[in-house]
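Both ligands and their constituent atoms are indexed starting at 1 by order of listing.
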Amino acid sequence: MSTFHSLGLEEPFLQAITDLGFETPSEVQLKTIPILLEKETDIVSLAQTGTGKTAAFGFPMLQKINSDSRTTQGLILSPTRELCLQITSEIKQYGKYVPGLNVVAIYGGASIGEQASKIKKGAQIIVATPGRMKDMIGRKMIDISKIEYCVLDEADEMLNMGFYEDITEILSHSPQDKSTWLFSATMPKEVAKIAKDFMHAPVEITVGSRNVGAANVSHEYYLVNARDRYQALKRLADANPDIFSVVFCRTKRDTQKVAEMLIEDGYNAAALHGDLSQNQRDLVMKSFRTRQIQMLVATDVAARGIDVDDITHVINYQLPDEIETYTHRSGRTGRAGKHGVSMVIVSKSEHRKIKAIEKIIQKSFVKKDVPDGMRICEIQLFHLANNIKNTDVNHDIDSYLPQIHEVLADFSKEELIKKVFSVEFTRFFNYYKNAKNLNVDASSVSEKASKNSVRYFINVGRKDGLEWMDLKDLVRELTQLDKDEVFHVDTMDSFSFFNTDAKHSEKVLEAFDGIQFNSRKVMVEISKEGRRKTGGKGRKRGKDNYKGKRSDKGRDSGYSKFKGKSRRKSGKPNEKGTGGRRRRR
Ligand code: ADP
Ligand code: MG
């Protein structure tokens, strides 16, 4: 069996490894460390998140630099401030027995002056985010003209985040003959381009197959109606009482909305997205790391920095637009050798995406049913029993015990157990006793959607810079409807159409009431109701198609109907408010 010693690492590092509790090298460490120690070469190393890449480049770099010199010899670029800090702290630990070692983190959102003065004292290794690094090189605060090693960590993420230019600029200040070590979880063509542009005959190392999800993550999906997404999320959380999870949403708005609903419903949740200040983000991440938050609702961009081990579940509240992103999401769990579950809540219309993702991750999804109410009650009951069993007695209650005994004197152990459990059970039971089955049978959803659907006319279109996706987003933003609840969106030059289920029509019309777009009053009217039975596939698009319809009285009557009518007021109670809310827990 290979050991860190047999990889060629020297004593101070072996000592640090023992302190860290690493027993055997991970695969990427096995494959990378000896090469980097033995020769001066460029390398492209592909391995999933959580496989120990930091140590794979950290130890060789530490062993190769000269800590007696104050010259900056190694540069590590990483995509986010969180990762930058994390890598810095890891490298410091790896090098804790190297006298004179100085590792400095350079990142945005903190005092540039302080960072510059740390650099001045002589940093052999700099760990940096590209933006701030470029800035400081530009201001001559950092000199990387003598570096020998440059690591591009999480290269795919850096490119995703648009750092190509910054990286180019930074590297132009570094020597030609340095070694460049690129680490990445995936190898999109942008990364291949970096390898081609900035590296010379790199050794290539791949751990596992490219793009493939981590081996110890299982993938599940739950098929529900789009409108039941949130209910399904709650059930998944309730069915996993010890959940420690990241819940992914597609937009900042949804992220915020879902987090708020969860908090209102008594879950330990928080939102993480780009509209938060760095301070807020730090606070959220701190609460997450310390487990005060069990459900971190995040956008893909915001979640890039999350490097927390022990995440039990990744929940895809909505699938990402780019299915490639799924690999990154699911890679947040199953880290450091632990098992993780990646769950996807899908509606019928997204069902086919599951197949596409299976191809990418080269693993099969398991279709599972959203647990029903009784199953959840049962799980919670046993969870409580176990909690009681494992609770250490707090002796501060001792002085109260005689009175408590008195109060409960008449009950047998049997009766007491029944009562204690009823306290907890009743809460869940009451909430779930009339809960419906959320699972969708694999047919008929889209049928139903179009049968009861309403078609709307809206007086904005491409001229206003709206493609159909934009219009869909706009409608969803104003109505808070789910992705699948707004469909058949067709954008023309100066007007457009879209559909929703008939039951949402009040909501839609109200949502647009008084809305202006490009300083024009937006008008939405019902174009026609409940018919889109166009024989075949039904999806009509394009100009020709539209022209035919222009004279269609559907539109005209719809228009006058809207105008002639006083503004619709909500007769029915808002659907959002109905249904039992669960008590805080
Ligand atoms: P990656 O960069 O590939 O996403 P990290 O370098 O962040 O992964 O490592 C993930 C976790 O695994 C960290 O907590 C790290 O300390 C731990 N780790 C790394 N190498 C080993 C090892 N050989 N044995 C045990 N744990 C390790
Ligand atoms: Mg890493």
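Side-chain contact between Lys196 and Lys193: absent, with no pair of heavy atoms (C-beta onward) separated by less than 4.5 Å. The closest side-chain heavy-atom distance from Tyr107 to Val127 is not below 4.5 Å. With contacts defined as side-chain heavy-atom distances shorter than 4.5 Å, the pair Ile315/Ile345 qualifies. At least one side-chain heavy atom of Arg229 sits less than 4.5 Å from a side-chain heavy atom of Asp484.
Set against the non-hydrogen atoms of Thr51, the atoms of ligand 1 under 4.0 Å away are 1 (P), 3 (O), 8 (O). Interface atoms of ligand 1 facing Ser26, defined by a heavy-atom separation under 4.0 Å, are 23 (N). Listed by number with element, the atoms of ligand 1 under 4.0 Å from a non-hydrogen atom of Thr24 are 22 (C), 23 (N), 24 (N). The contact set between ligand 1 and Thr54, taken as ligand atoms under 4.0 Å from a residue heavy atom, comprises 2 (O), 5 (P), 6 (O), 7 (O).
Pairs engaging residues 307-335 under the ring-ring contact (aromatic ring centres under 6.0 Å, His included) rule: His219-Tyr326, Tyr326-Phe365 [sequence neighbours left out]. Among residue pairs with one or both ends in residues 127-137, those qualifying as side chain to side chain donor-acceptor pair (under 3.5 Å) are Gln115-Arg132, Lys134-Asp166; sequence neighbours excluded.
Considering both main-chain and side-chain atoms, Gly52 comes within under 3.5 Å of ligand 1 through a nitrogen or oxygen pair. Backbone and side-chain nitrogen or oxygen atoms of Asp309 are examined, and one is located within less than 3.5 angstrom of a nitrogen or oxygen of ligand 1. Between Glu23 and ligand 1, a contact under 3.5 Å exists for no N or O pair. Considering backbone and side-chain N/O of Gln29, one or more are found under 3.5 Å from N/O of ligand 1.
Ring geometry, Tyr149 versus Trp181: the interplanar angle falls from 30° to 60°, so the pair is classed tilted.
The shortest separation from a heavy atom of Gln48 to ligand 1 is under 4.0 Å, placing the residue in contact. Heavy-atom distances between Ile87 and ligand 1 stay at or above 4.0 Å for every pair. Residue contacts with ligand 1 include Phe4, since one of its heavy atoms falls under 4.0 Å from the ligand. Proximity of Gly50 to ligand 1 is established by a heavy-atom distance of less than 4.0 Å.
Of all the heavy atoms in Leu37 and Lys64, the pair that sits closest is O-CE, 3.7 Å.
Taking each of Gln93, Glu90, Lys53, Gln86 in turn, the one with a heavy atom nearest to atom 2 (O) of ligand 1 proves to be Lys53.
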Report task. Evaluate the ring pair (Phe, Tyr, Trp, His ring centres under 6.0 Å) criterion for residues Tyr97 and Phe13: first the C-alpha distance (whole Å), next the side-chain angles of each, then the deciding distance (0.1 Å), finally the verdict. Result -> CA-CA 7 Å; Tyr97 297 111; Phe13 304 110; 9.4 Å; no
